[in-house]
Amino acid sequence: MTVPITIRLQEADFDLAHEVAALSRGRTDIGAVVTFSGICRGDEDGEAIAALTLEHYPGMAEAEIARHAEEAVSRWPLTGITVIHRYGRIVPGENIVLVVTASSHREAAFQGAEFLMDYLKTKAPFWKREEGASGSGWVDAHDRDDTAAARWAKP
Amino acid sequence: MTVPITIRLQEADFDLAHEVAALSRGRTDIGAVVTFSGICRGDEDGEAIAALTLEHYPGMAEAEIARHAEEAVSRWPLTGITVIHRYGRIVPGENIVLVVTASSHREAAFQGAEFLMDYLKTKAPFWKREEGASGSGWVDAHDRDDTAAARWAKP
Amino acid sequence: MKVLYFAWVRERVGKAEEALDPPPAVATVADLIAWLSQRGEEYAYAFEKPKVIRAAIDRMHVNQDTVIAGAREIAFFPPMTGG
Amino acid sequence: MKVLYFAWVRERVGKAEEALDPPPAVATVADLIAWLSQRGEEYAYAFEKPKVIRAAIDRMHVNQDTVIAGAREIAFFPPMTGG
């Protein structure tokens, strides 16, 4: 059976419940659904954030996410994946990214979601610009995200 | 700040979106929300399942889950936890359990949710009875769940 | 003390709870299991594999070598299968 | 070939994309970065720390020693910060 994979890049917000329902409706082969919602916080390392602006590389972003979703399906017995990544201006409290993974068992659902998030953080071509109290600037990449992504490297 | 912890045992279904909104509404300190939904599958090891009936130990179940939620808060920088576990008769496609964890960063949210699920599977006093095609019976505990829970043991 | 049974332990014993007053020689959870097993066929059946049985005293998981003195509520049940 | 710039690379270069036809001696991504850096102050600023720059050829991540022959679209950008 082909595993349903949904990938969307959009400016608009998304609805968690709608996406989970769309993935699992009418199915009885799913025993576990994991969701990850990434949300714009109101401060970063103690500095207040007024908004984030997300830039992306259209075309490449979709392709990169799709490749990683296919890789997740090949590594874990997943029965469905949804990835939604927003771009444009996002204020604190708003959603940035959603990953939903479904499987018959919880281990695969958790692993698949963590894998996809680590890759989105380090490989998907998105860039965050922060509007803070003391001006605005591009967010630096974090070493800890590279470390997190490296644990999925195949020997 | 006290971390909001919500624990409910109930016969009724729950609404994922409502629970996530209740945990994160009006807050800008949350950067990551992980949800785990455990769902009744239509088959177990190839045998069709008509329904599950979940028995629990009232009083102890709440206390056990609360202790593990407090432990999760002490181990990871979580900013909110919701655990809902249903009991009674549940048919395929219906929800059994929900864990929601919130944090400023994704690692804590993922780790907290996995920790809580592993403990719910092995330590929370719930027992599943399956109605299958060839009769009904109590579900055996899985060694793999004990193995999963053991990884959180402190040295 | 109040003794509770859950899942197939409850089904085999044939009741969900009862009030019991074991003799003083019954010191630990394991002793209580052995004493219960002699109370009739239904108990012998429920506790036929004592190592499989899990126990809680006053709603806390305990090992079978735990002393039961002072317990108000002791529960016996199979390994948990929630989540 | 089409060359794209994103995030602060785009801001420093001052444009999001352009069509370029580098000379044949520009063989690799690293060569292209060096060649671009000589095109003006804005490029020199964008590529002042070439090791920080990430590149993609035809929408696939590549190392800077990758040969650019045959590329239709080359993109330069900082380390990604999505998710």
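Every heavy atom of this structure was used, including side-chain atoms; hydrogens, water molecules and symmetry mates were not. Letters A, B, ... are given to chains in the order of the sequence lines, protein chains preceding strands, and every chain is numbered from 1.
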Using a strict 4.0 Å threshold on nitrogen-to-oxygen distance, state whether D:R59 and A:E62 make a salt bridge. no
Does D:T81 reach the main-chain N or O of A:K128 with its side chain, forming a donor-acceptor pair under 3.5 Å? yes
Between A:A63, A:G137, A:G59, A:G38, which shows the greatest number of heavy-atom pairs under 4.5 Å with chain D? A:G59
So do the side chains of A:M60 and D:E73 get within less than 4.5 Å of each other, counting heavy atoms only? no
Using heavy-atom distances under 4.5 Å, tell me whether A:D140 contacts chain D through its side chain, its backbone, both, or neither. backbone
For atom CD of A:E47, is the number of surrounding heavy atoms from other residues, nucleotides or ligands below 6.0 Å larger than 12? yes
Answer yes or no: is there a side-chain heavy-atom contact under 4.5 Å between D:E11 and A:W138? yes
Quick one: does A:K121's side chain get under 4.5 Å of D:M80's, heavy atoms only? no
Heaviest contributor of heavy-atom pairs below 4.5 Å to chain A, chosen from D:P79, D:A75, D:A56, D:P78, is D:P78
Looking at A:H85 and D:G83, would you say the former's side chain and the latter's main chain have a donor-acceptor pair under 3.5 Å? yes
What's the separation between atom CZ in A:F126 and atom CZ in D:F6, rounded to the nearest 0.5 Å? 11.0 Å
A:R151 atom CZ, neighbour heavy-atom count above 12 within 6.0 Å: yes
Can any side-chain N or O of A:W127 pair as donor or acceptor with the backbone N or O of D:G82 at less than 3.5 Å? no
Take a 6.0 Å sphere around CZ of A:F14 and say whether it holds more than 12 heavy atoms from other residues, nucleotides or ligands. yes
Which one, A:R86, A:R67, A:H56, leads in non-hydrogen pairs under 4.5 Å with chain D? A:R67
Below 4.5 Å from any heavy atom of chain A, which atoms of D:R54 appear? Answer side chain, backbone, both or neither. neither
